[in-house]
Amino acid sequence: MPAPHHREGPTMRRAERLFRLVDELRTRHVTRADDLARTLEVSPRTIYRDIAHLQASGLPIDGEAGVGYLLQPGFDLPAMTFTHDQIEALALGLAIAASLDDPDLSLAAHEARAKLQAALPRPETRRLADAPFFALRRSTGAPVHARLIRRAIRQRRVVQIDYTDGQARTSTRRLHPLAIWAMAEGWMFSGWCELRADFRTWRFDRVQALILTPDCFPEDPARSLAAFLARESCDTAAP
């Protein structure tokens, strides 16, 4: 079934394509029409026409057909310009957050949706609340320590926990929290464990006690969320 914006007629399709084209030019150096055409899934001839239209509209695009195009530095799109796919992605994320039994996140999701809705062009025709995405089920309840872990991630604060593992062994350890996961099997959080000197993932329901310490952990690329995700990706891809 085609995406909803494919049914809105040629004017809306072209307007959205022009926004995407400008966004692509913002993130590239000199770019050939063939490359832009592949990204936007249109013909190079369409790119030539769109570039000519944007130039005639006053956008500072240098270059020509057969050479490449460059959007001059300093030009930017309005902060709240979204494609239909981006709006639907926002709607899905906000619907999930609003459905959680975490009053802080649920309220924040409703407030964020209202702010985004008010800032959208023609908000009466592009309602986030009406997007066809929903949280499939309510959470069984946000973990009691989730608020402190979110704060620790935001402030880069070390936390100390008493934790019981799968073999009923309890240990005390200091952690650098990096991410929270709402998985089918329950809520978890990941980070750097000072005791193991390695990344670990812990289940919220096995945390017996948690303290937000005054200590902050430094930014270290080797112990960052990006490093953790990169290793997880490699572990998943391994045979």
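These numbers come from a predicted model, not from an experiment. Scope of the values below: all heavy atoms of this structure, side chains included, with no hydrogens, waters or symmetry mates.
- Contact of the Val144 side chain with the Leu210 side chain is not registered, since no non-hydrogen atoms from C-beta on lie closer than 4.5 Å.
- Taking the ring-ring contact (aromatic ring centres under 6.0 Å, His included) definition, one finds that Phe217 meets it with His176, sequence neighbours left out.
- With a 4.5 Å cut-off on side-chain heavy atoms, Arg28 and Tyr69 do not count as touching.
- A salt bridge links Asp198 with Arg231: the distance from a Lys NZ or Arg NE/NH1/NH2 to an Asp or Glu carboxylate oxygen falls below 4.0 Å.
- Phe199 is listed as a side-chain neighbour of Leu178, based on a closest heavy-atom distance under 4.5 Å.
- Thr201 meets the side-chain hydrogen bond (donor to acceptor under 3.5 Å, both in side chains) test with Ser190; sequence neighbours excluded.
- Under the 4.0 Å criterion applied to side-chain N and carboxylate O atoms, Asp23 and Arg26 are assigned as salt-bridge partners.
- Arg174 pairs in a side-chain contact (heavy atoms from CB on, under 4.5 Å) with only one of the listed residues (Val159, Asp215, Leu195), which is Asp215.
- When atom types are taken as modelled, the side chain of Thr31 and the backbone of His29 share a donor-acceptor pair closer than 3.5 angstrom.
- Inspection of the Ser171 and Arg196 side chains reveals no N or O donor paired with an N or O acceptor under 3.5 Å.
- Here the side chains of Ile161 and Arg173 are in contact, with some heavy-atom distance below 4.5 Å.
- For the pair Val158/Cys216, no side-chain contact is recorded, criterion being any heavy-atom separation below 4.5 Å from C-beta on.
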